[in-house]
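Remember, it's a predicted structure, so these values are computed and weren't measured experimentally. Within every chain, numbering begins at 1; the chains are lettered A, B, ... in the order of the sequence lines, protein sequences first and strands thereafter.
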Amino acid sequence: MDSHSLYDKLQVLEPREKELDTKERLKAMERPLLTWYSKHARALPWRDRPDPYRVWISEIMLQQTRVEAVKPYYERFIGDLPGIRELAAVPEDRLLKLWEGLGYYTRAKNLKKTAELLVEQYGGELPASYEELKKLPGIGSYTAGAIASIAYGIPVPAVDGNVLRVVSRVTGSREDILKQSVKTRMEEELKAVMPEEAASSYNQGLIEIGAIVCVPNGPPLCSQCPLASLCVARIKGLIGEIPVKTPKKNRKIVDITVMLLWQNGRIAIRKREDTGLLASLYEFPNVEGHLKEEEIPARLGVEEAVIAPLPAAKHVFSHVEWHMTGFWVELEEPLHGDYLWVTGTDLKKNYSLPGAFKAYTKLIR
DNA sequence: AAAACGGGGGC
DNA sequence: GCCCCAGTTTT
């Protein structure tokens, strides 16, 4: 029987697909990619003046974080800490306050650690070398490639989730893009075809296509894509199957009891451990497990307290869920221990409490 | 190779 | 409710 599906008819209208191997296909992206990027690049704050410091800060903020979320943080951060030396000298609490709400707080701590390193050992500047950049805390292969190419014009690739998606589609690769081995090979393949004089636009162009054309969720806008005629996934109708990603695992549930300790007009907070989840941020005193009201005094080591239950709350992290219950606890005297007793105003202005505690933070005047 | 590490936006 | 995001580090 004849095949007359819409897809078959459309395929007849396509220019005949050239027989290209992967390397030739990647090389063939260059001209359409650069032409398209010169015309369609979004105006973004960090693109105004791509000096190494500004590129570095933006790239760290953009790790696993959307452009729209980064914009206001970036502007404020650059305004407060305009250069490496200011960053190296900033107190950690003020730094974390600048980062509050962005997530992945290790990024901020690594930023400061690296700034100190740069002042002490690199003459206060980011090194103009992919290999040297990659040695710095918080800078992996993607970020090293991004800084090297965008700030210094060094022809090395910068393979992020966008590039993985775009290139796997263009080449028609059904390999699992979450595998490190697949990313490493793509980096090698792209390095071999990188234009010597246009590394910045080449990398940013690939990323830009991934962000606004070959989008991460929903169908790609192939009619706007400069790589459409080269794209194996599109030509073979594999857009829905590529990129391949392995399914992710379930989140662990953790029960937590949060206590708002109130004494003489002040609330107790404490600093979290400097490693692990929400490292170095502040929190309301809490314990793992769901405590009953009558268990509270003993846990706090007090004879008496006026206790009232607070609403339950849930916070979802990427790998764990906190299921929280809470109690309001009025004490006659301060507790011994590493607590800071702060007013509501002081709390909001000077201390970074992660969003996980929002349900309880908002109860404080 | 897998897990840890946030928070927000899209559907 | 699930997926994903201009990833890196630790286990």
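Between the side chains of R107(A) and T65(A), a donor-acceptor pair is found at a separation under 3.5 Å. Remark: the R165(A) side chain and the N162(A) side chain contain an N/O donor-acceptor pair separated by less than 3.5 Å. Using modelled atom types and a 3.5 Å distance limit, the side chains of Y142(A) and Q63(A) yield no donor-acceptor pair.
With respect to the salt-bridge test (charged N to carboxylate O, under 4.0 angstrom), the residues R42(A) and E208(A) qualify.
Note: OH (Y104(A)) to P (dA4(B)) measures 12 Å, nearest angstrom. Atoms CG (N250(A)) and P (dA3(B)) sit 11 Å apart, rounded to a whole Å. Atom CG of L178(A) and atom P of dC4(C) are 8 Å apart (whole Å). Between D274(A) atom CG and dC5(B) atom P there is a gap of 13 Å when expressed in whole angstrom units. If you measure from atom NZ of K183(A) to atom C1' of dA1(B), you get 15 Å, rounded to the nearest angstrom. Between L277(A) atom CG and dT10(C) atom P there is a gap of 16 Å when expressed in whole angstrom units. Rounded to a whole Å, the CZ atom of R165(A) is 10 Å from the P atom of dC4(C). In this structure, Q63(A) places its CD atom 8 Å from P of dT9(C), rounding to the nearest Å.
Of the side-chain N and O atoms in K314(A), one or more sit less than 4.0 angstrom from OP1 or OP2 of dG1(C). Phosphate proximity of dC3(C) to N217(A): absent, as no side-chain N or O sits under 4.0 Å from OP1 or OP2. The phosphate of dG6(B) has neither OP1 nor OP2 within less than 4.0 Å of any side-chain N or O from H315(A). When the side-chain nitrogen and oxygen atoms of Y105(A) are compared with OP1 and OP2 of dG7(B), one or more of them lie within a distance under 4.0 Å. Note on H319(A): every side-chain N or O is 4.0 Å or more away from OP1 and OP2 of dA3(B). Contact between the side-chain N/O atoms of T106(A) and the OP1/OP2 oxygens of dT9(C) is not found at any separation under 4.0 Å. In terms of phosphate contacts, K134(A) brings no side-chain nitrogen or oxygen within less than 4.0 Å of OP1 or OP2 of dG7(C). At the phosphate of dG7(C), OP1 or OP2 sits under 4.0 Å from a side-chain N or O atom of Q64(A).
Across all strands shown, nothing is found opposite dG6(B) as a Watson-Crick or G-U wobble partner with both distances under 3.5 Å.
Residue contacts for G276(A): at a heavy-atom cut-off of 4.0 Å it reaches the sugar-phosphate backbone alone, with no base atom in range. Within 4.0 Å of S58(A), counting heavy atoms only, lies no atom of the nucleic acid at all. Residue contacts for W46(A): at a heavy-atom cut-off of 4.0 Å it reaches a base atom on one of the strands shown. Base contact: L44(A) has a heavy atom under 4.0 Å from a base atom. Among the atoms of the strands shown, base atoms are found under 4.0 Å from some heavy atom of Y142(A).
Both K179(A) and V316(A) sit near DNA chain B, but only K179(A) has its closest nucleotide nearer the 5' end. Taking the nucleotide of DNA chain C with the nearest heavy atom to each of G138(A) and D160(A), the more 5' of the two is matched to D160(A). Each of L278(A) and S181(A) has a nearest nucleotide on DNA chain B; the 5'-most of these lies closest to S181(A). When each of R66(A) and I139(A) is assigned the nucleotide of DNA chain C bearing its nearest heavy atom, the one mapping closer to the 5' terminus is R66(A).
A donor-acceptor contact under 3.5 Å is formed by the side chain of S318(A) with the base of dG6(B). For a distance-only test at 3.5 Å, the side chain of T65(A) fails to qualify as a donor-acceptor partner of the base of dG7(C). Within 3.5 Å, no donor on the side chain of R251(A) pairs with an acceptor on the base of dA4(B), nor the reverse. Taking 3.5 Å as the limit, the base of dC5(B) and the side chain of R107(A) contain no donor-acceptor pair of atoms between them.
Across the P atoms, dC5(B) and dA6(C) are found 23 Å apart, a figure rounded to whole Å. Rounded to the nearest Å, the gap between the P atom of dA3(B) and that of dC3(C) is 16 Å. Atom name P, nucleotides dG6(B) and dT11(C): the rounded distance is 15 Å, in whole Å.
Hydrophobic clustering (side-chain heavy atoms under 4.5 Å, transitive across Ile, Leu, Val, Met, Phe, Trp, Tyr) groups V55(A) together with I139(A). In the hydrophobic cluster analysis, where Ile, Leu, Val, Met, Phe, Trp and Tyr join through side-chain heavy atoms closer than 4.5 angstrom, V215(A) is grouped apart from V167(A). Cluster annotation: Y122(A) is connected to Y152(A) through the hydrophobic network of ILVMFWY side chains, with a link wherever side-chain heavy atoms come within less than 4.5 Å. Neither F327(A) nor L260(A) shares a network with the other; the hydrophobic side chains, linked directly or stepwise wherever heavy atoms of I, L, V, M, F, W or Y lie under 4.5 Å apart, form separate groups for each.
Summarising the geometry of S200(A) relative to S149(A), their closest heavy-atom pair is CB-O, 3.4 Å, with the distance given to 0.1 Å.
A heavy atom lying under 4.0 Å from DNA chain B marks none of the residues of residues 282-289 of chain A.
Atom CG in L278(A) sits 7.5 Å away from atom NE2 in H315(A) (nearest 0.5 Å).
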